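Working notes, beginning with the structure itself.
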Amino acid sequence: MDSTSWTVIAVVAVLAAALLGVALALLLRLVRTRRDLRRAGLPTGPRWVFWGAVLYLVLPTDLLPDPVYLDDIAVLLLALKSMRAAVPVREPGRGDSALSD
């Protein structure tokens with residue numbers, strides 16, 4: 001192999017490692033969000049959303065081959081968005097009426 005081939009292989013390996021790092025960071029964020037919501041007593045949305053996203057990242061069958069983690073990242077982002085959407089929105093100025101009296 002010539003040096004151009006090794007350069008391409010190195011660049012692809014670095015990109016794959018970076019995408020894997022992003023996917024793992026999103027997985028960690030998803031787990032922390034679910035844990036924080038459960039501690040606060042708030043709904044976390046359907047359980048299948050959380051576990052489906054985790055399984056999609058871990059299982060070897062994907063829409064795209066595993067060196068390309070873009071589909072995994074998209075599934076994790078959708079699960080995170082779904083869980084955050086389950087949190088009820090508090091209107092400003094409501095809830096602490098005893099403090100305002």
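What you see is a predicted model; the values in this text were computed from it and never measured.
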Without swapping roles, check the side chain of Thr33 against the backbone of Arg29 for a donor-acceptor pair under 3.5 Å.
yes
For Ser5, give me all partners under side-chain hydrogen bond (donor to acceptor under 3.5 Å, both in side chains), at least two apart in sequence or on another chain.
Asp2
What is the distance from atom CZ of Arg39 to atom CZ of Arg32, rounded to the nearest 0.5 Å?
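With rounding to 0.5 Å, CZ (Arg39) is 11.0 Å from CZ (Arg32).
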State which residues pass side chain to side chain contact (heavy atoms under 4.5 Å, CB included) with [X]; sequence neighbours excluded, sorted by chain then number.
| X | value |
| --- | --- |
| Ala53 | Leu30, Val75, Leu76, Ala79 |
| Leu20 | Leu24, Tyr69 |
| Val22 | Leu26, Ile73 |

Should [X] and [Y] be regarded as members of a common hydrophobic cluster, given that ILVMFWY residues are connected when their side-chain heavy atoms come within less than 4.5 Å of each other, either directly or indirectly?
| X | Y | value |
| --- | --- | --- |
| Leu77 | Phe50 | yes |
| Leu57 | Trp51 | yes |
| Leu78 | Leu27 | no |

